[in-house]
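When reading the values below, keep in mind they use all heavy atoms of this one structure, side chains included, and skip hydrogens, waters and symmetry mates. Residue numbering restarts at 1 for every chain, and letters A, B, ... go by the order of the sequence lines.
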There are 2 protein chains.
Amino acid sequence: MKKKPPVALEPSSLKKLADYLGVSPATVSVVLRDVPGRSIPQATRDRIKAAAKKLNYQPSLLARALRNRRTSTIGVLVPELGDGYHTQMMSGVGNQLMNAGYFYFTAHHRHRKNLIEEYSQMLLGRGAEALIAIDSALEHSFPVPVVAIAGHRPIEGVTNVLLNHRRAAELTLTHLYSLGHRNIAFMRGQSFSSDSDERWRNLVQVAREMGISVKSDLIVQLNLDMQSPELGYPVVGFL
Amino acid sequence: MKKKPPVALEPSSLKKLADYLGVSPATVSVVLRDVPGRSIPQATRDRIKAAAKKLNYQPSLLARALRNRRTSTIGVLVPELGDGYHTQMMSGVGNQLMNAGYFYFTAHHRHRKNLIEEYSQMLLGRGAEALIAIDSALEHSFPVPVVAIAGHRPIEGVTNVLLNHRRAAELTLTHLYSLGHRNIAFMRGQSFSSDSDERWRNLVQVAREMGISVKSDLIVQLNLDMQSPELGYPVVGFL
DNA sequence: TTGAAAGCGCTAACAT
DNA sequence: ATGTTAGCGCTTTCAA
């Protein structure tokens, strides 16, 4: 079995390719994109495709985007990159995006207000046609479609995807209760994460309804600004 | 205190701005970028900057990139998005990149060979000026600088950043040994991750040197294709 | 001190 | 069946 040799050719441009072949750029463009409605002899088509492969032609998506006014790029705002929570959302988001033929720029802002603003502008400037903001405190609407996940507050024109914290509370507490537990400890999430308050409110509410008492000495507040499981070490006594 | 009203203006172009002001695009461009060497009256400068702010002008980084042949964009290849390991690297990478004024595209390939190839090409086509490949099985060199982290094999022109598995093994085993442990169990990483073999080799080697016996009934192999801590549940008996 | 013009790489409309 | 042209939004000579 012969090994494929390492490939590392200079990227050539459409025009060079056309010159090389003695045809017009338009023809090359049309052939390479399989645009219907233009009749071009199969021979020419083959010649062009072969040359493209041979010269390792890669269309400049940059130029194409400029010309088409379409970047096929989405901007993703996320508080942090290294954690398992937000990043797992990104994973799903990324999957769908790539399947749909989109690229995405990511920017993380660590919940810093000015960075949220700055980066969202940057993403737009860089050609993002829409924004997906995960747990990010957006402050105004945008000239492009925006979907917020766990958005901090409702914003005109921003679709906000929310967890059903009520249902979550019911599930958790019912589960523990059915196991026979009555002394339940609560870890409250960090205040900078938008879900924390809602989650807590619902937990307390559902607990009351179920007759589970929330004892103040069994409530601990997570404060560390980190996302790994270590976050919980101090309060559960590992440290 | 007055609330800032939501902002959502149409992005205007350099040319429109120039027309609006009755100056040439060149002048606007120069002023907005603070290009030295062109003497322009302060009054004009102020007028231009004010108008830019007022009309919410955002330069098209796309057009700029095309013109300058410089995208300030790096492509990042990663196996998976939702895990804590690779993503923590991405976090560091992302930080530095953003600090340095770079954007980055991310693509994840789940260790699928064809996707690795496809996406690296896409990233280049999209304007990436360099690639960072994390635990990705690259197969050839590239016309741009590439840094691999935990690269699967050495490739001409690709800088490979490797963990010192030997040292890691020494640290781990010494630690356990000093705690008095002699019966040590080993979990071998999934085979598709490039570090696994090296890590294992060194562990065995160091264990032998330290006189720690590696008992075959204390070796378990992780096989699940997932990255969360659940990965280890089966083998440690949680399930 | 400022403007006009060319051109980055591409595609769509309009010739031929 | 194919080529020519204009222009996406910007920057950079070169002129004025």
A/R33, nearest nucleotide to its side chain (from C/dA12, D/dC8, D/dT11): C/dA12
Is there a ring-ring contact (aromatic ring centres under 6.0 Å, His included) between A/F105 and B/F105 once you walk through the steps? CA-CA 5 Å; A/F105 277 118; B/F105 278 117; 3.9 Å; yes
How long is the line joining NZ of B/K16 and P of D/dG7, in whole Å? 16 Å
In whole Å, I'd like the distance from the CG atom of B/L17 to the P atom of D/dG9. 13 Å
Expressed in angstrom and rounded to an integer, what is the separation of B/D19 atom CG from D/dC10 atom P? 12 Å
Pairing of A/K15 and A/D19 as salt bridge, 4.0 angstrom limit: yes
Give the rounded distance in Å between these two atoms: CG of A/L61 and P of C/dT11. 9 Å
Base, sugar-phosphate, or nothing: which does A/G22 touch, judged by heavy atoms less than 4.0 Å apart? sugar-phosphate
Contact class for A/I40 (heavy atom, under 4.0 Å): base, sugar-phosphate, or nothing? sugar-phosphate
What I want to check is whether the side chains of B/N114 and B/H109 have a donor and an acceptor closer together than 3.5 Å. no
Less than 4.0 angstrom between a side-chain N/O of B/S29 and OP1 or OP2 of D/dT11, yes or no? yes
If you pin B/A26 and B/R67 to their nearest nucleotides in DNA chain C, which one's is more 5'? B/A26
For A/Y57 and C/dC10, is the shortest distance between a side-chain N/O and OP1 or OP2 below 4.0 Å? yes
Rounded to the nearest Å, what distance is computed from the CG atom of residue B/L62 to the P atom of nucleotide C/dG9? 14 Å
Rounded to 10°, the angle between the first-five-pair and last-five-pair axes of the helix from C/dT1-D/dA16 to C/dT16-D/dA1 is 50°
Starting at the 5' end of DNA chain C and moving along, which residue's nearest nucleotide shows up first, B/V23 or A/L66? B/V23
Going by atom types only, do B/S29 and B/R33 share a side-chain donor-acceptor pair under 3.5 Å? yes
Counting heavy atoms from C-beta on, name the nucleotide in D/dT2, D/dC10, C/dT11 closest to the side chain of A/T44. D/dT2
Mark yes or no for a side-chain to base donor-acceptor pair under 3.5 Å between B/R38 and C/dG3, with no hydrogen or angle criteria applied. yes
For a quick test of your reading: what N or O donor-acceptor pairs under 3.5 Å do the side chains of residues 126-133 of chain A make, sequence neighbours left out?
unit_1 : atom_1 : unit_2 : atom_2 : d
A/R126 : NH2    : B/T73  : OG1    : 3.1
A/E129 : OE2    : A/T71  : N      : 2.5
A/E129 : OE2    : A/T71  : OG1    : 3.3
A/E129 : OE2    : A/S72  : N      : 3.2

Check this for me, if you would: do A/K113 and A/E139 make a salt bridge, where the nitrogen-to-carboxylate-oxygen distance has to be below 4.0 angstrom? yes
Distance in angstrom units between B/R64 CZ and D/dT11 C1', rounded: 9 Å
Ignoring backbone atoms, test whether A/R70 places a side-chain nitrogen or oxygen under 4.0 Å from the OP1 or OP2 oxygen of C/dA12. no
Is it true that a side-chain atom of A/N202 and a backbone atom of A/H165 form a donor plus acceptor pair closer than 3.5 Å? no
OP1 or OP2 of C/dG3 sitting under 4.0 Å from any side-chain N/O of B/T27? yes
